[in-house]
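Quick caveat: nothing in here was measured; it's all calculated off a predicted structure. Residue numbers run from 1 in the order of the sequence given.
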Amino acid sequence: MPHSSKRNRNLPLEIAQQIAELLTARDLINAGSSWSFFYASFSSEKIWQTAYTKLLDGYPIDQFVITDAVRNVKRLKFIQFDALEDSKFCHLEDWVQSWKQRCVFAVHILHVQGQMVSVARQKSEEFKPPRSTPLYDSAFIQSIEAEAGAPLPIDFVLYLLNFAHHLTCGVDKNVPKMGLASGSTFTDESNWRRVIKLTQFRNKHEADHDFIQEERLEGLSEATIDFLNHTKIVCFSLTEHRYNNGLEYLSLLVSTKSDLQDQLPPFVDKDTLHVDLQAMDKGIGKVFTGGMWATDTFHFRPPDDMDDRYQLFPTAESFTDYWIQYIATIITIGKLPSLDMPGYNDLMTGLPRSPGIPMSVLLPQGKGWSVANYLPIYYSWESQYHFPSFNAYLEDQYSRPSVGVTKAFDNPENVQFPHIPIDITSGFNKRHWKPYWQHLMSLIRMDLPASFVHLQNGEMPEALDINSAIYQVQQRMIDDWIKSTPSSVKEHRQPSDFEMERTRKATNDLMPLIKLVRERLPIVLYYEPAEYGISQLLMYKYLVDHLSSLEQKIYKYSAEDLVIVEHRLRHHLYYWRRDCKGHSDAAGLEIDWTEV
């Protein structure tokens with residue numbers, strides 16, 4: 001028989017459909033991948049539409065929200081099998097329009113999520129026994145979407161339909177636990193509606209009147225305000241601070257106003273508002289950590305004498321990516337960390353994973369891949385989660401001259417600096433200082449996690465006293481941040497030769513103290529509290545600006561100003577010697593601790 005006749009021998013469509021109706025989407029995929037006969041017989045999009053409809057269990061099949069990264073990958077339309085030549089591959093222009101590829105994607109999601117449920121059950125006793133029925137059905141999910149004004153990402157929908165009832169947590173009225181879309185806050189529709197309403201930037205109380213405080217909007221462009229007002233998020237995990245009227249939550253970005261992106265700054269970072277607009281660009285489907293403080297969580301209206309603070313920044317590429325981190329954190333810490341417990345920070349911020357893997361577990365994976373490849377490789381073990389910078393509260397520090405930095409004296413032009421890395425200060429007070437961990441990882445070859453065998457309860461790291469390697473890491477962070485900053489010196493006039501000469505002489509007299517500041521600052525930043533450390537970092541930054549300006553025949557501090565600067569330096573150097581010399585001596589660091 002000719003080869004062409006063999007290639008055309010497929011099941012009639014009617015029979016193929018009847019067989020396919022008895023199979024799951026996973027069965028169809030397995031059959032097609034095992035034998036080209038089934039691959040060709042089950043090629044009709046009608047067969048795959050039926051299979052996809054069964055997967056969604058009543059949820060509208062026309063709603064398919066995914067991240068941009070997932071949407072933009074290439075997927076196959078078909079493989080043409082030919083006995084006389086190699087297989088030919090044809091790719092889809094828009095794979096989202098293919099019911100088969102939607103099935104392939106959904107089955108991949110269910111595989112990843114199912115593995116994590118199994119791992120959680122085997123390695124943690126934190127969750128209650130699975131319920132016999134799902135927590136949610138498609139009607140409930142659609143009512144939530146109606147309240148949010150946008151459909152949910154499809155991987156989250158599949159979790160709600162298939163797995164949410166497997167991982168419910170016990171109730172602790174004193175310290176609410178960060179369950180995922182479970183508990184009374186979420187299983188009760190009215191409560192979930194309340195949370196959705198409360199966590200939006202455009203917040204409304206019962207009478208449906210906007211009450212966003214002026215402080216939150218102050219200084220924002222019209223485009224930024226418009227973008228934030230049209231941004232929609234759906235909270236899926238929530239901690240209520242019952243004693244200080246605040247909320248911390250995890251949410252999915254479900255809608256933005258994309259036509260404004262070229263008019264937006266990358267960040268808004270001030271005392272009452274911290275949002276990462278750059279991450280929100282094309283960020284639909286991603287996980288964001290949010291926070292609101294000093295808010296009346298039950299009446300939707302902040303008291304008149306309190307700030308209405310709102311914060312939102314990226315945490316994971318998708319709900320499924322976050323879920324892997326969530327389960328891994330619970331197993332490693334030994335329990336589901338609640339507010340103020342070690343490991344809470346690891347639920348609320350993105351954790352690093354091995355380099356070299358695709359950015360999301362939802363993307364096509366290479367041969368021999370494992371869900372375990374996406375396990376975190378670092379845990380902070382901290383009890384408080386941290387925003388990416390301290391810029392939001394620098395204004396408050398400027399208002400406290402006792403810490404040694406005054407805005408009028410040091411930065412009268414209000415020059416804006418890049419984000420100050422969260423880990424640049426108070427490393428000793430962090431249980432597992434990330435910069436030093438990164439340094440150690442750079443010295444060894446770390447294998448990609450390939451299985452869940454080594455995922456188990458870990459031991460809380462002990463605080464590390466400074467050593468020569470930590471000192472060098474700290475010094476490098478200081479230098480790198482200062483190099484990334486613009487100068488705080490603005491050239492308004494050319495000083496006279498006489499003024500320049502006086503300033504140069506005063507600066508030369510001050511150089512021994514400046515050298516001591518540079519030499520001791522890494523130890524100070526490692527041991528001192530964050531607020532004080534930032535003020536000292538800024539003090540040194542301004543000294544560097546002053547020295548650099550002299551090369552351009554201008555200056556930051558006049559000879560008279562340098563008298564004030566000298567007093568400040570002597571004051572701080574005295575306390576640095578008192579508080580940090582012992583740490584330096586114990587580490588054997590060759591630091592000049594001469595009294596000044």
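- Between the side chain of Q365 and the main chain of L363, a donor-acceptor pair closer than 3.5 Å is present.
- Cation-pi check for R102 over F64 is met; the charged atom lies under 6.0 angstrom from the ring centroid and within 45 degrees of its normal.
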Go through it in stages, so that I can follow the logic: the residues are V287 and L252, the test is side chain to side chain contact (heavy atoms under 4.5 Å, CB included), and I'd like the CA-CA distance, side-chain angles, deciding distance and then a yes or no. CA-CA 5 Å; V287 174; L252 287 160; 3.8 Å; yes

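- The side-chain contact (heavy atoms from CB on, under 4.5 Å) test with I233 singles out one residue from T256, L312, V254, and that residue is L312.
- If you look at W369 and H108, their ring centroids are closer than 6.0 Å.
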Which is it for Q97 and L92 under the side chain to side chain contact (heavy atoms under 4.5 Å, CB included) test, yes or no, and what are the steps along the way? CA-CA 9 Å; Q97 304 305 316; L92 293 159; over 6 Å; no

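- Judged purely by atom type and a 3.5 angstrom limit, Y322 has no side-chain atom pairing as donor or acceptor with the backbone of F288.
- Looking at Q142 and Q63, their side chains never bring a donor and an acceptor atom within 3.5 Å of each other.
- Considering all non-hydrogen atoms of both residues, P337 and Y344 come closest at CB-N, 3.5 Å.
- One finds the OG1 atom of T329 at 12.0 Å from the CE atom of M348 (value rounded to the nearest 0.5 Å).
- Rounding to the nearest 0.5 angstrom, the gap separating the CZ atom in R353 from the CG atom in L375 is 10.0 Å.
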Can you list the steps and then say if L180 with L167 is a side chain to side chain contact (heavy atoms under 4.5 Å, CB included)? CA-CA 8 Å; L180 298 191; L167 299 178; over 6 Å; no

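- Considering only residues two or more places apart in sequence or on other chains, S360 meets the side-chain hydrogen bond (donor to acceptor under 3.5 Å, both in side chains) condition with D321.
- Checked against a 6.0 Å centroid threshold, the rings of Y379 and W437 do not count as neighbours.
- Not less than 6.0 angstrom separates the ring centroid of Y159 from the ring centroid of F163.
- Atoms CD and CG, on E382 and D346 in that order, are 8.0 Å from each other to the nearest 0.5 Å.
- For K335, the NZ atom is loosely surrounded, since the number of other residues' heavy atoms within 6.0 Å does not exceed 12.
- With hydrogens and angles left out, the side-chain atoms of T224 and S221 include a donor and acceptor closer than 3.5 Å.
- Taken from CD in Q200 to CE in M292, the straight-line distance is 9.5 Å, to the nearest 0.5 Å.
- If you look at F319 and F236, their ring centroids are closer than 6.0 Å.
- Between F186 and C235 the shortest heavy-atom distance is CE2-O, 3.4 Å.
- A ring-centre distance under 6.0 Å is not found for F105 and W48.
- Put simply, CZ on R75 and CD on Q101 are 6.0 Å apart, with the number rounded to the nearest 0.5 Å.
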